[in-house]
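Any value given below was found using the heavy atoms of this structure, including those in side chains, with hydrogens, waters and symmetry copies removed. Just so you know, residue 1 is the first one in the sequence shown, and it goes up from there. Note that the structure is predicted; figures quoted are calculated from it, not measured.
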Amino acid sequence: MRKQEGRDFPREKSDTLWRLFRSKKSLILLAAVIVAVCVLLIWNTLSLQRAITHRTEMYVNGVALQLASDLDNRLTKVTVDLEMLADSVIRIEEDQGQETAVCSFLERKAAILDFTALAVIKENGDMLCSQEVKGDWHELPGITASFQGENGVSFVEGRGILYSIPLIREDSVVGVLVGLRDEENMQRLIQPESFYGQGLSCIVDTNGNVLISPTDVRPFMELDDIFREGESSDVQDIRQMQENMKRQENGIFSFTAVDGSDLVLSYHPLRTYDWVLLTLVPSDVISAEVEGFITQTVCIVVAVIVLFAAIFAAFFQIYRNHFRQMERVAFVDPLTGGGNNAAFQLRCRQLLAAAPPGTFTVVLLNVKDFKLINENFGSEEGDRTLTYIMNCLNKAVGPEEAAARADADLFFLCLKEKDPETIRSRLKALSETVNAFNRTLSTPYYLILQPGAYIVDDPALEVTVIQDRAKTACRNRTADQDGECVFYDAAFTQRLQKERDLNALFEGSLENGDFQVYLQPKVWVENGSLGGVEALVRWNHPRRGMIYPSDFIPLFEKNGKICRLDFYVFEEVCRAIHRWARNGMRLFPVSVNLSRQHFDDPEVLLKFKDIADRYEIPAGLLELELTESIFFDDQRIENVKHQIRKMHRLGFRCSLDDFGAGYSSLGLLMEFDVDAVKLDRRFFLDVSREKTQVVVRSIVELAEKLGADIVAEGIETPEQLAFLKTVGCRLVQGYIFSKPLPLPEFEERWISRDKK
């Protein structure tokens, strides 16, 4: 029995030890598992923390970038508003010449454009202002720069910011237009609406000096003292920021301030001025609630491991909600609630990524004269209109298409269409949908959508390039394409480049005399002798060669340089007539073309008269040619009548060019006392037609009764000349007698042999 008991005892003990061992092993294993889970959770928590930090920085950077873009646009708008006001101020001074009228105008515009005050500063220091202001602004650096012809900006301590632009009359600075925005106005401008009210933005220069701030943040801006001692990475970040600011580059980084606050600092250069927008946000503005869950999880992970999934699920839900919020800030237009330009670009990349060329078309829609809605009905109605249009666009696009508001009154569409007629049809239907509200109005108010479209033939292009091509198409529409869809053509870009090149060459060519005066004779039909000439301009560039008038005349008409070119040609003509008189040659009338833009200057004829007097040109030798289109603006008719009477008083003749090219010709003969009428070449394309003969004969007889000479231009064939003889037309201009000739060749062929 004892042996048996002795044999059984070790076995029982062994079993107990084994059970203990196994329990301990299980406990160790369980502990190891728990530790592993804890380590995994902690590691995962740290990874999540890094991800949240990264997402926070992305969110802050995105919002700050949008704020910088909006701020740039607003600052640009300030300059644009002042430039638009400048023309009005100059016209008021010229037309009324009263300081009270200017001050009243500035007071109205200051209220409309949200300026604290508007003022005009004269060269002598006198100032006309919308309200009484303190201090002498004349010596401020921005004002000084504007007197030198540049846009300027100045800071007035305790008052705000002065924006200034030069007032230019006849290429001379005659004063400066100044707009004051007070500190409160500027503080509202830079205060971010995101970050739960915890964000702080300010504008600094590239050296870190605070220019505009909502509070006194100068301690934060002492860049050398921001960080704790020993934080080498933070110091490196701030040094990098200083370098990037000077290079106009943006960036973002997180750091710990001297007071222990964990912050995210984002900086973005502003294009409008040499400024930088700084945005400071607490690093836990997004993750504070999440970090509470993470801390709680780490503290109780061993005791309540079963709650891990629930906590993680709660964290995931919170993260997803914040991510959705970030998406909304980044991709939703705050005014209309639709997609913004960033969302449109992202969607376009997705749609175009796998699409064959020609599958999609990107359209830019511009609402014509939208500013009239704001001016007539108020900005709130304008905002409702934009929201209404955005809703119409969203309903009009399919699941594989996109719509978004780009900016102001511009909208983008990405349509899965490639046929131009189908695109036009859809856009026409869209316009009808937008204007459906007019069915209930007694007085309709139609919104005109002006679309420009680019059929995407190269989906690999950057979306911004694709959008630019749609913009180019939208902006390059002719007057008769109002409301029609204009499609992008490579010729648009080529023409724009050509126009930029010609604009760049203009100043040098004018100084170097590359513009040459050509003369085309007007010949008496009865004997073939010289009865007068028309002065034309040709551009013979030393590198580009001969540049055709059809390439540069419309361009200079559009940008206003045509007036300077007209003065140049006029003076060259006066110089030639003076030389002919000095050399004893016979003198005859010379006609010079006058652009319609000259009539914006009430003193323009006196300037021409000064040039003529300088060269001692007798009265009646200079004839100013006006094109028929100059009269079609009803607002200008009375002004033109007055100017024609003034021409005669100053000794100039006046002729009507291209008669018959428009649709109000007979009315012009009745309204305006011109000395000569030049029949357009289209009258003589088929002189064998009976209707042509009747019309031309009637015009010649009518002109004779009204006391005006008739000149037939564009005559090239003997048949045309014979016909003109039969109807009594006395003067002819055209290739049948001579093409336009350079001055030396004209003098040799037509007048050198014809002395007084």
[X] side, atom [atom1]; [Y] side, atom [atom2] - distance, nearest 0.5 Å:
X      : Y      : atom1 : atom2 : value
Ser591 : Leu519 : OG    : CG    : 9.0 Å
Leu128 : Phe105 : CG    : CZ    : 13.0 Å
Ser655 : Met647 : OG    : CE    : 9.0 Å
Asp610 : Leu606 : CG    : CG    : 6.5 Å
Ile553 : Leu565 : CD1   : CG    : 5.5 Å
Leu656 : Glu625 : CG    : CD    : 9.0 Å

When you compare the side chain of [Y] with that of [X], does any pair of heavy atoms fall below 4.5 Å?
X      : Y      : value
Trp750 : Phe588 : no
Leu85  : Leu113 : yes
Trp539 : Asp551 : no
Val590 : Val533 : yes
Val592 : Phe608 : no
Asp514 : Leu505 : no
Ile617 : Leu587 : no
Ser88  : Lys109 : no

Quiz item: Heavy-atom count around Arg575 CZ within 6.0 Å, excluding the residue itself: above 12?
Solution: yes

Practice problem: Decide if atom NZ of Lys607 counts as having more than 12 heavy atoms of other residues, nucleotides or ligands within a radius under 6.0 Å. | Solution: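 Yes, enclosed.
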
Practice problem: Show your reasoning for whether side-chain contact (heavy atoms from CB on, under 4.5 Å) applies to Arg169 and Leu167. | Solution: CA-CA 7 Å; Arg169 183 187 294 123; Leu167 290 174; over 6 Å; no

Check: [X] side chain, [Y] main-chain N or O, donor-acceptor pair, under 3.5 Å:
X      : Y      : answer
Asn583 : Met585 : no
Ser154 : Leu140 : no
Tyr568 : Leu510 : no

Heavy-atom pair of closest approach, residues [X] and [Y]:
X      : Y      : value
Leu650 : Lys609 : O-NZ, 3.3 Å
Leu622 : Cys574 : CD1-SG, 3.9 Å
Val173 : Glu123 : O-OE2, 3.3 Å
Lys646 : Pro602 : NZ-O, 3.5 Å
Pro166 : Asn151 : CD-OD1, 3.6 Å
Gln597 : Cys563 : CB-SG, 3.7 Å

Exercise. Begin from the C-alpha positions of Glu713 and Gln520 and carry the test side-chain contact (heavy atoms from CB on, under 4.5 Å) through to its verdict.
Key: CA-CA 10 Å; Glu713 59 180 345; Gln520 187 173 28; over 6 Å; no

Quiz item: Using 4.0 Å as the upper bound for N to carboxylate O, is an ion pair formed by Glu616 and Arg582?
Solution: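 Salt bridge flag = no for Glu616 with Arg582.
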
Self-check item: N-O pairing of Arg653 and Asp709 below 4.0 Å
Solution: yes

Self-check item: Within the 6.0 Å centroid threshold, strictly below: Phe599 and His642
Solution: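 Not under 6.0 Å, so no.
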
Quiz item: Do the two ring centres, one from Phe506 and one from Phe556, sit under 6.0 Å apart?
Solution: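 Ring centroids of Phe506 and Phe556 are less than 6.0 Å from each other.
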
Exercise. Over 60° means perpendicular and under 30° means parallel, so classify the ring planes of Phe746 and Trp580, tilted if in between.
Key: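 Answer is tilted, since the angle falls between 30° and 60°.
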
Exercise. Answer yes or no for Arg181 and Phe115: cation-pi contact, defined as NZ/CZ to six-membered ring centre under 6.0 Å and angle to ring axis within 45°.
Key: yes

Quiz item: Side chains of Gln497 and Asp501: is there a donor and an acceptor less than 3.5 Å apart?
Solution: yes

Quiz item: Is there a donor in the side chain of Glu571 and an acceptor in the side chain of Tyr615, or the other way round, less than 3.5 Å apart?
Solution: yes

Self-check item: salt bridge (Lys or Arg N to Asp or Glu O under 4.0 Å) partner of Glu534, the single match among Lys678, Lys739, Lys522
Solution: Lys678

Self-check item: Qualifying residue, where the test is side chain to side chain contact (heavy atoms under 4.5 Å, CB included) with Asp369 and the options are Asn366, Ile373, Leu372
Solution: Leu372

Practice problem: Please step through side-chain contact (heavy atoms from CB on, under 4.5 Å) for the pair Ile644 and Leu624, ending with a clear verdict. | Solution: CA-CA 9 Å; Ile644 290 177; Leu624 302 179; over 6 Å; no

Exercise. Go through the steps to decide whether Phe659 and Ile699 satisfy the test side-chain contact (heavy atoms from CB on, under 4.5 Å), and finish with yes or no.
Key: CA-CA 10 Å; Phe659 183 85; Ile699 293 175; 3.9 Å; yes

